[in-house]
Amino acid sequence: MTTFPLANLAEETAAALTRIGAANELADLLEAHAHVLGRRSALVALQKSLGALAPQERAGAGATLQDARRRVEEAYEARRVELEARERQRALELDRLDLGDVVVERVTWSPSVGHPSLVATTQRELEDVFVAMGFRVADGPEVESDWYNFEALNIPPAHPARGMWDTFYVELGDPETVVLRTHTSPTQIHLMEHAVATNTLPVHSVMPGRCYRRDTPDARHLAAFHQVEGLVVDRGISFADLAGVIETFTRAYFGPDIESRLRPAYFPFTEPSAEFEITCTICRGEGCRTCSHTGWIELGGCGMLDPAVLEAVHIDPDEWSGFAFGFGIDRCAQMRHQIADMRALIDNDVRFMEQFS
Ligand code: FA5
């Protein structure tokens with residue numbers, strides 16, 4: 001009669017427990033399970049050997065073997081739970097890492113926040129300069145009737161001066177009666193009409209806004225650009241007042257180093273009229289492509305209000321006089337920031353625009 005090899009059982013059980021404990025991955029554990037509890041395992045072989053035992057010994061050996069199996073099964077189960085938990089944790093950490101990446105990206109990627117364009121900022125700065133000089137800021141429509149844009153400004157139909165402004169017409173009403181304003185000067189008319197209607201003369205106002213001309217864009221021109229109109233209607237106003245305002249504006253906006261000059265010019269709505277120029281800031285007066293090699297850049301026109309314009313809005317030119325000016329805002333921005341080509345203002349190149357945030 002054979003005896004049950006208890007020493008073998010203890011040895012095999014210990015080996016099985018060690019192998020299960022050593023499994024660090026679920027796949028290793030499954031392999032260990034097959035090895036220590038599978039059909040060809042030592043424990044199964046021992047179980048098979050129970051049949052050869054004497055009945056009285058078989059019961060005791062069977063119980064010992066069952067106990068060993070249970071301990072191995074329990075060790076396997078405990079390790080499985082442990083490894084599965086570890087696997088879940090690892091998956092969670094991977095997920096968290098992914099999230100972490102996103103968070104890190106969010107922190108380092110700062111969405112670019114827009115800012116007012118250089119022209120808008122310049123307009124604001126110009127308004128500030130004029131407000132500091134005692135002007136009020138007013139607004140006018142961009143779509144005008146022919147009367148406001150031309151006739152009331154002493155430019156009757158077919159007047160040769162109309163050629164000074166290449167006009168976009170709006171298809172509204174009779175042909176060529178509604179225009180995209182070619183300058184901010186029609187706002188002068190609105191303001192004077194309002195002052196007369198409300199009996200609120202004198203007027204000291206600036207009127208910034210967008211204008212349109214069928215101009216081919218080049219280094220100094222755009223088809224849609226901006227002007228700031230100035231209008232003073234008061235008693236006893238002289239050309240010296242106009243020159244003083246322009247001089248004060250130039251110093252305040254461009255600084256004392258920039259030279260300015262007024263040159264005789266012609267505008268149908270002012271008499272006398274002048275063009276206002278400053279030293280080209282791109283070449284400092286040397287002459288360059290931007291200033292067409294003259295060393296000077298024209299910023300605007302100005303002059304004393306023509307009595308015909310005052311009469312058109314029922315203001316008595318014997319009692320009231322005044323001056324007006326109209327400067328290019330884009331031109332001012334261009335000269336202030338030494339932008340060689342005005343088209344850069346509308347190219348929408350972020351690298352350009354970000355310089356003026
Ligand atoms: C006028 O528009 C007159 N209304 C100015 C004026 C007002 C004269 C009041 C007398 C009294 P002019 O066409 O020269 O004038 O334009 C004035 C300024 O607007 C120019 O000097 C320039 O700075 C700017 N400007 C004109 N056309 C363009 C354009 N296509 N693109 C950019 N700026 C322009």
Side-chain angles (χ1 to χ4, degrees), residues 118-119 122-123 126 130 140 144 148-150 152-155 161-168 179-192 203 205-233 237 239 241-243 245-246 249-250 253-254 260-278 280-281 290-292 294 296-306 308-310 321-336 339 341-346:
L118 176 58
V119 173
T122 304
Q123 177 174 323
L126 294 174
F130 286 113
E144 286 285 10
Y148 280 102
N149 197 79
F150 292 123
L153 288 163
N154 206 22
I155 317 169
R162 288 205 177 199
M164 292 168 76
W165 296 279
D166 249 339
T167 310
F168 284 113
V179 304
L180 292 182
R181 70 177 172 191
T182 57
H183 48 176
T184 41
S185 297
T187 315
Q188 288 181 34
I189 305 298
H190 289 290
L191 239 63
M192 287 189 282
V203 175
S205 292
V206 287
M207 299 142 265
R210 190 178 289 135
C211 310
Y212 305 84
R213 286 186 202 176
R214 296 192 322 154
D215 283 347
T216 305
D218 64 21
R220 294 193 309 266
H221 296 88
L222 299 173
F225 60 100
H226 302 77
Q227 288 186 339
V228 56
E229 192 81 8
L231 175 70
V232 168
V233 183
I237 298 293
F239 198 91
D241 297 310
L242 168 60
V245 164
I246 289 183
F249 157 75
T250 314
Y253 189 67
F254 291 103
S260 65
R261 68 180 187 185
L262 289 176
R263 298 209 310 161
Y266 168 74
F267 294 101
F269 33 92
T270 47
E271 179 59 35
S273 303
E275 263 168 11
F276 164 59
E277 297 181 331
I278 61 165
C280 175
T281 58
T290 306
C291 61
S292 300
T294 62
W296 293 91
I297 287 278
E298 179 203 312
L299 285 189
C302 59
M304 300 306 291
L305 292 180
D306 191 301
V309 174
L310 293 172
S321 56
F323 63 77
F325 57 81
F327 298 157
I329 296 178
D330 318 73
R331 231 19 111 75
C332 287
Q334 180 179 22
M335 284 299 106
R336 172 84 176 258
I339 298 163
D341 195 313
M342 191 185 274
R343 286 169 289 194
L345 294 175
I346 55 164

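All values derive from a computational prediction rather than experimental measurement. FYI, side chains are in, hydrogens and waters are out, and symmetry mates aren't considered; it's all heavy atoms of this structure. Both ligands and their constituent atoms are indexed starting at 1 by order of listing.
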With a 4.0 Å cut-off on N to O distance, would you call Arg181 and Glu144 a salt bridge? no
Output field: ring centroids Phe249/Phe325 closer than 6.0 Å: no
Are the aromatic ring centres of His183 and Phe269 under 6.0 angstrom apart? yes
Is the NZ or CZ atom of Arg261 both under 6.0 Å from the centre of the six-membered ring of Phe276 and within 45° of that ring's axis? no
Considering only heavy atoms, which protein residues lie less than 4.0 Å from any atom of ligand 1? Trp165, His183, Ser185, Gln188, Arg213, Asp215, Arg220, His221, Leu222, Phe225, Gln227, Glu229, Phe267, Phe269, Thr270, Glu298, Leu299, Gly300, Gly301, Cys302, Ala324, Phe325, Gly326, Gly328, Arg331, Met342
If the condition is ring pair (Phe, Tyr, Trp, His ring centres under 6.0 Å), which residues does His226 pass it with, not counting sequence neighbours? none
Distance-only donor-acceptor check, side chains Glu229 and Thr187, under 3.5 Å: no
